[in-house]
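The shown structure was predicted, so the numbers you read here are calculated from the model rather than taken from an experiment. We're numbering straight along the sequence, starting at 1. We use all heavy atoms of the structure for the numbers below, so side chains are in, but hydrogens, waters and symmetry mates are not.
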Amino acid sequence: MDKIKKVLLLGSGALKIGQAGEFDYSGAQALKALKEEGIHSVLINPNIATVQTSKGVADTVYFQPVKAEFVERVIEKERPDGILLSFGGQTALNCGVELYEKGVLEKYGVEVLGTPVQAIIDTEDRDLFVKRLDEIGVKTIKSEACSTVEEVQKAAHELGFPVILRAAYALGGLGSGFCDNEEELLAQAEEAFSFSPQVLVEKSLKGWKEIEYEVVRDKYDNCITVCNMENFDPLGIHTGESIVVAPSQTLTNSEYHKLRALAIKIIRHIGIVGECNVQYALDPNSEDYRVIEVNARLSRSSALASKATGYPLAFVAAKLGLGYGLFDLKNSVTKTTSAFFEPALDYVVVKIPRWDLTKFQGVKRQLGSSMKSVGEVMAIGRTFEEALQKGLRMIGQGMHGFVENHEIKIPDIEKSLHEPTDMRVFVVSKALKIGYTIEQIHQLTMIDRWFLQKLKHIVDIDQQLKEYTHLSEVSEYMEPSEFKEYLQSPEVALLLRAAKVYGFSDFQIARAIGLENRMKMEQAGLTIRKWRKMLGLVPTVNQIDTLAAEYPAQTNYLYLSYL
């Protein structure tokens, strides 16, 4: 660590689907860690619209493409002691592997900091990856690595349809897709080979749960899992296209610890130093699992995990790359806990992707294993319902939450549930409102029943609010003191409280009880806010808590889970 005076960091590169702000975030954190150590940082990143290329973040910035020929020229000029490959996404990782294989790093005596290049190759080359995990008895999806279309056809017939094609060394699931027949297979194979010389044909596990673990390891073999996440959608939809919940909500204690132990076993065997992301497919009816992939780099999920837990993953990973142990480092966010400390969350974080598909004519709205989303939002709440509704309000689609949105025209609800699009969560909302059961929706979507029960809970509260349309009338002819007393009745007070606890905005409540028909939209929301203030119903400890004790008969299942 003493001899390292100058470090080259491969940055986030040009903005594109699958590679954007999350790698700007991880690179900026790594540069911050280098600055703290007094190490001269050299950054290569062609994108001027990033934090990491701002003045003062890196000591020297080259606005050049993250490609081997340009990076070699910078190495020749700057002569760095070390290079960081895992903070710029797939582009930086692929570039680093190319520099290693061409002998550029050896020629100029540049040390790869953190995860060794061979470990990166072991995780990126699908054939090698399966062999490495077979060595320690960890299950992977049954698959064949192919380099021609003929090999793809042969592998698909041996495995049996449906299969999924994955391109090696590709970003955001580029070129990947599910194939149910020969025609789909040939079309998908042609696309996959346009992105990569190697294509993996895997047996499809559509319908299994998709779980991720963010794991950190230092050179002394100390490991922790910082965060685990669960996809709302089952396997078959790219993580970047799916609603993701942290921490996982539907795993049993046994499942959680089994997958955690496997993640640590994998990271130790492959020899990763720093941070990595392990993705699993988990059978919803047993503890059977398959490892989908291991990202030997900071990923989109890492940025989410950092912000969700308050654990600065990229900052810590950069320090570990310089040779520190987890026990040497403090968590720079909490300032008190050690970096060798697994965060425990008493809240729920939901990530919701954002699409801009309406901008393009003729675009397919179906979601699959290849990314189409252009951004995402993160929402935090005490309950899944609250976090989800907050997130849906923020995605910029003009939605107010899970319910009380403008009517969406869906010609075929069953088809829309079975073939997911960017509007899937709102299709589920409509289905619940018109009487589809949780079981019917589960069979069509394979979304876990736990999530569907929580969504049904939101619809139930909405239905109860609709029974109080008279509130807008009585508020007009009652005296303020009389109306306040009416609001404080346990039925009304507990219902309003439940609505707020489970993520309803003031406007959603106003629309549900019919206030929007009597006044302007903004005024309706402000009226509900005024009523809440009369009750002292704000996000602090208040007197309404005592109502449950005073009127136990009124507290039905809607409120018991909170009160």
Side-chain angles (χ1 to χ4, degrees), residues 1-14 16 19 23-24 26-27 30-31 33-34 37 39-47 50 52-53 58-129 132 147 167-171 195-198 219 270-276 295-299 314 317-318 320-323:
M1 191 163 62
D2 296 334
K3 64 177 182 176
I4 296 170
K5 300 283 186 275
K6 187 186 280 191
V7 169
L8 173 64
L9 185 130
L10 302 186
S12 54
K16 53 190 170 186
Q19 174 147 332
F23 302 115
D24 180 29
S26 56
L31 291 166
L34 294 175
E37 292 298 315
I39 293 169
H40 185 95
S41 56
V42 181
L43 170 71
I44 299 180
N45 190 347
N47 191 349
T50 55
Q52 60 188 240
T53 53
D59 295 308
T60 309
V61 180
Y62 286 88
F63 292 103
Q64 300 292 334
V66 184
K67 290 184 178 291
E69 60 267 34
F70 293 98
V71 176
E72 184 176 358
R73 284 190 224 165
V74 173
I75 289 173
E76 188 181 4
K77 184 185 173 194
E78 292 288 340
R79 298 299 173 106
D81 304 307
I83 185 169
L84 289 168
L85 306 176
S86 56
F87 297 87
Q90 196 70 42
T91 305
L93 215 57
N94 290 352
C95 179
V97 171
E98 191 180 338
L99 290 167
Y100 172 78
E101 289 176 341
K102 283 182 173 177
V104 173
L105 301 179
E106 190 181 3
K107 178 182 174 183
Y108 294 100
V110 182
E111 183 187 344
V112 175
L113 304 176
T115 301
V117 177
Q118 190 54 53
I120 294 169
I121 295 168
D122 287 349
T123 58
E124 292 295 317
D125 184 306
R126 296 288 182 172
D127 215 7
L128 277 175
F129 175 65
R132 289 288 278 145
S147 50
Y169 299 96
L171 178 77
F195 293 111
S196 173
Q198 186 192 67
K219 69 175 187 179
I270 291 174
I272 285 160
V273 176
E275 196 271 350
C276 86
N295 284 316
R297 58 176 169 83
L298 276 292
S299 65
L320 297 180
L322 294 172

Inset, instruction - Output the distance between atom CG (L8) and atom CG (L34), rounded to the nearest 0.5 Å. - result: 10.5 Å
Inset, instruction - Determine the minimum heavy-atom distance between E124 and L93, stating which atoms define it. - result: OE2-CD2, 3.6 Å
Inset, instruction - Give the minimum heavy-atom separation between V110 and P80, together with the two atoms involved. - result: CG2-O, 3.7 Å
Inset, instruction - Grab the two heavy atoms, one from G96 and one from L105, that are nearest each other, plus how far apart they are. - result: O-CD1, 4.3 Å
Inset, instruction - For the pair Q198 and D127, evaluate side chain to side chain contact (heavy atoms under 4.5 Å, CB included) and give the outcome as yes or no after the intermediate values. - result: CA-CA 9 Å; Q198 186 192 67; D127 215 7; 4.1 Å; yes
Legend entry - Steps toward side chain to side chain contact (heavy atoms under 4.5 Å, CB included) verdict (R73, Q64): CA-CA 10 Å; R73 284 190 224 165; Q64 300 292 334; over 6 Å; no
Inset, instruction - Go through L320 and K219 one step at a time and tell me if the side chain to side chain contact (heavy atoms under 4.5 Å, CB included) criterion holds. - result: CA-CA 7 Å; L320 297 180; K219 69 175 187 179; over 6 Å; no
Inset, instruction - Check step by step if side chain to side chain contact (heavy atoms under 4.5 Å, CB included) holds for V42 and L9. - result: CA-CA 6 Å; V42 181; L9 185 130; over 6 Å; no
Legend entry - From Q90 atom CD to R297 atom CZ, the distance as rounded to the nearest 0.5 Å: 4.5 Å
Legend entry - Backbone of E78 reached by a side-chain donor or acceptor of K6 within 3.5 Å: yes
Inset, instruction - Identify the two heavy atoms, one from F129 and one from T123, that lie closest to each other, and give their separation to 0.1 Å. - result: CD1-CA, 3.9 Å
Inset, instruction - Check whether any side-chain heavy atom of I4 sits under 4.5 Å from a side-chain heavy atom of L113, and report yes or no. - result: yes
Legend entry - Spacing of L31 atom CG and I39 atom CD1 [to the nearest 0.5 Å]: 11.5 Å
Inset, instruction - May I ask you to say whether K102 pairs ionically with E98, meaning some side-chain N is under 4.0 Å from a carboxylate O? - result: yes
Legend entry - Gap separating the OH atom of Y100 from the CD atom of Q118, nearest 0.5 angstrom: 5.5 Å
Inset, instruction - Output the distance between atom OG (S86) and atom CG (L10), rounded to the nearest 0.5 Å. - result: 9.5 Å
Inset, instruction - Would you indicate whether the side-chain heavy atoms of N45 and T50 approach each other to under 4.5 Å? - result: yes
Legend entry - Donor-acceptor contact present, side-chain S41 to main-chain D59, <3.5 Å: yes
Inset, instruction - Search all heavy atoms of A92 against all heavy atoms of G11 and return the closest pair with its distance. - result: CB-O, 4.2 Å
Legend entry - Atom pair CZ/OG1 of F23 and T91 - distance to nearest 0.5 Å: 8.0 Å
Legend entry - Carboxylate-amine/guanidinium contact D81 K5, below 4.0 Å: no
Legend entry - Side-chain heavy atoms of I44 within contact of F70, under 4.5 Å: no
Inset, instruction - Give a yes or no on whether the backbone of D24 and the side-chain of Q52 come within a donor-acceptor separation of less than 3.5 Å. - result: yes
Inset, instruction - Quick one: closest heavy-atom pair of A296 and T115, and the distance? - result: CB-CG2, 4.4 Å
Legend entry - pair V97-I120: side-chain heavy atoms closer than 4.5 Å: yes
